[in-house]
Amino acid sequence: MPLPRIVFSKKPLLIFGIFWMSAAACFAVEDLNVTDLQAQIMAAVKKVVPASVAVNDGGMVFSGVIVSADGMVLSAGHAVKSNRRYKVLLADGREFRAKGLGSNERVDMAMLKIENPSRLPVAELGDSASLLTNQPCISISYPGTYDKNRGSVIRFGYVTRPVTSNKGMIETTAVMEPGDSGGPLVDINGRVIGIHSNIRKDTKQNYDVPIDSFKQYWEQLKTPKEFEVVGWPSLPKLGFRGESESNGVKVVKIVEGGLAQTSGLKVNDLVQAISGKKVNSARSIYDKLVSLRTTGESQVELSVLREQKRKLIQLNLTKAKVLEKPKTYPELRAFSKVFKSLEAKLDNAQVVIKSQFNQKSQTVWGTRIFREGRGNVISKSTLVGTRPRVQRSNGSSLAAEVVARDPKNDLVLLQVDFPEVGGIDLSRIKGDLAEEPGRLLLTPDAAGDGSISTWGSNFFAVPRTRVSGGYLGVVIGSRDNQVVFERVENGAAKKAGFQPGDVVLKLGDKSVRQRNDVFRFLSNQDVNSRIEVTVRRDGQEITKEVTLGKRPAEASRHIADDLIGGKSVRRDGFSRVVSHDANLRPEQCGGPVFDIDGSFLGVNISRFSRTRSYIIPRTLIKEFIDQNASSADPS
């Protein structure tokens, strides 16, 4: 079968030193128009972001969504306690007090009520019973914490299973992590179809409580106490009582308004098979219905014996009437292949760099820049060591010279003498791309299909924390108003010969007067940084050079931290980034990111968490290059 067509916007891309028009400008994938899909995603994001909120209980931050003008907020039952007081933070910076109302931790449903509501944005409720496999969906919530400058974080995905055996929840590829709990999952029209609940290790396994479960228990949710739920609200209920017989299940009672009655089942009918599979008990019928529904089936066929005549009855596992059947896109399962033609024209902007750290080989991606001055490859500085070389597709490599480093944003500028002209031309760039959360992005991979992601935030700064700092390998204490090494563990300090009891005088050129001076200094030093440490031992000052190591991995407290490939070691401390949901490995940082019009956005700089990778925007890249293009080799 020939590949379906794709539709792209006809904007020019400045790359390889010239303007070119995308050859894919008139492609479409059957009824999937990626430009229209992107516009729908951005419209849905714009519609729901104002009503998506962060909720703070004084320590933990989780998410929610405002669903009524009088201040009703839906959230997760494992996060909200009845009658507890909370602070609700809106995207526009406003704060409200709220009270926990009804909750059920077992099915993970809860409601809060905002006190003294005023001009509240409201999200529209959708329909979860009619969800279909491969239906697009969007996550809009606050992973990690609330940051007004960053805003809520957007992730795009699709429904993999409309109902699952995991408490009847929706399974999607819209990635979640701690802090997302209680946030809204919305459809392509911006209607809430689920509330974030839990995850599995696989980033494609993210679970939401169906919005119809909230509707079913709305009155209980409005009452400030914990309530009980029998069974799982979203799983199909037969609505009849049956008795097992040798050749099927005899219907002995029909529940009014139940699934059996609405499907035309009658008392004394003998149910013999469901979708071609024999049954011998009411439980076996239920198990097969649940199994079929969890694999995405919305309608099944019952084989019934009625008055000695075989009859086929269609059993609708979703709503009997759906005003508008949701659109589904199987292409989302291999979305990057949809953009194969565009990616082929961007691949040459991505390179692979190999270098040495302590006699060990390190690989990282880079971004090729078209320019006449020195410096034509950008990458992630903390992953580029000594003797860097750019790998070629034919197996050869080219020597690379370090021109400059930017420790603040973890950038490195390299000079490579390529035999051919190429790269991204930054000379005409004026400003960054406009902030448009929900815009589709492409990270090209010269050796593969690349990665499609979603612009997930506003531009914002990421403060530096200890997790990204270099590791000295000591326990710091205080004695007689002096800072000392209480313990010297396996690490950089021990290799340099420092001992317990050494009094710390200076780190680099910074005097040490209190323990926090040490923590603050190390937080701003990268792994593999060389620093001078000055101590007093037995009345003598000793100064030694130390190469900082990598902080030992801490035991993970949450499955979200157990990432295949892990997080970037240097993952914060950037002056300006934008978040996206690309599933990158740390060594894939340094490569370029484009939108689907082919416009250059910036460079991937860190895999921050399960849901977030960060991009340094193109204006900072250009500024760094312009400032250092004539620099000498600092290494």
**Request:** Indicate yes or no for a side-chain donor-acceptor contact from R570 to the backbone of K380 under 3.5 Å, with no hydrogens or angles considered.
**Result:** no

**Request:** Among residues two or more places apart or on two chains, list those pairs meeting side chain to side chain donor-acceptor pair (under 3.5 Å) that have a residue in residues 607-617.
**Result:** E177-S609, E177-T611, E177-R612, N206-R610, N583-R607, S609-R612

**Asked** Which residue pairs pass the salt bridge (charged side-chain N to carboxylate O under 4.0 Å, His left out) test with at least one member in residues 446-455, sequence neighbours excluded?
**Response** K337-D449

**Message:** In the structure I gave you, are the side-chain heavy atoms of F521 and V512 within less than 4.5 Å of one another anywhere?
**Reply:** no

**Request:** Specify whether Y146 and Y142 have parallel, tilted or perpendicular ring planes, treating 30° as the upper limit for parallel and 60° as the lower limit for perpendicular.
**Result:** tilted

**Request:** Could you name each residue pair satisfying salt bridge (charged side-chain N to carboxylate O under 4.0 Å, His left out) that touches residues 494-505, not counting sequence neighbours?
**Result:** D502-R537

**Prompt:** side chain to side chain donor-acceptor pair (under 3.5 Å): which pairs involve residues 539-553, sequence neighbours left out?
**Reply:** T534-T543

**Request:** Taking salt bridge (Lys or Arg N to Asp or Glu O under 4.0 Å) as the test, write out the residues that go with E105, two or more places apart.
**Result:** K81

**Fill in**
The complete set of salt bridge (charged side-chain N to carboxylate O under 4.0 Å, His left out) pairs with one or both residues in residues 196-209, sequence neighbours excluded, reads K201-D562

**Request:** Give a yes or no on this: more than 12 heavy atoms of other residues, nucleotides or ligands lie within 6.0 Å of atom CZ of R530.
**Result:** no

Donor-acceptor contacts under 3.5 Å from residues 349-360 side chains, at least two apart:
| from | atom 1 | to | atom 2 | distance (Å) |
| --- | --- | --- | --- | --- |
| Q350 | OE1 | A446 | N | 2.7 |
| S355 | OG | G385 | N | 2.8 |
| N358 | ND2 | N528 | OD1 | 3.4 |

**Prompt:** Among all residues two or more places apart in sequence or in another chain, which pass the side-chain contact (heavy atoms from CB on, under 4.5 Å) test with P586?
**Reply:** S568

**Prompt:** Mind checking what makes side-chain contact (heavy atoms from CB on, under 4.5 Å) contact with T454, not counting sequence neighbours?
**Reply:** I154, F156, L440, D581

**Prompt:** Taking the side chain as C-beta and beyond, is there a heavy-atom pair between P500 and F485 under 4.5 Å?
**Reply:** no

**Message:** Restricting to salt bridge (Lys or Arg N to Asp or Glu O under 4.0 Å), what partner residues turn up for R464, sequence neighbours left out?
**Reply:** D526

**Asked** Got a sec, which residues hit salt bridge (Lys or Arg N to Asp or Glu O under 4.0 Å) with E489, two or more places apart in sequence or on another chain?
**Response** R487

**Request:** Output all residues satisfying salt bridge (Lys or Arg N to Asp or Glu O under 4.0 Å) with R368, sequence neighbours left out; order by chain, then residue number.
**Result:** E420

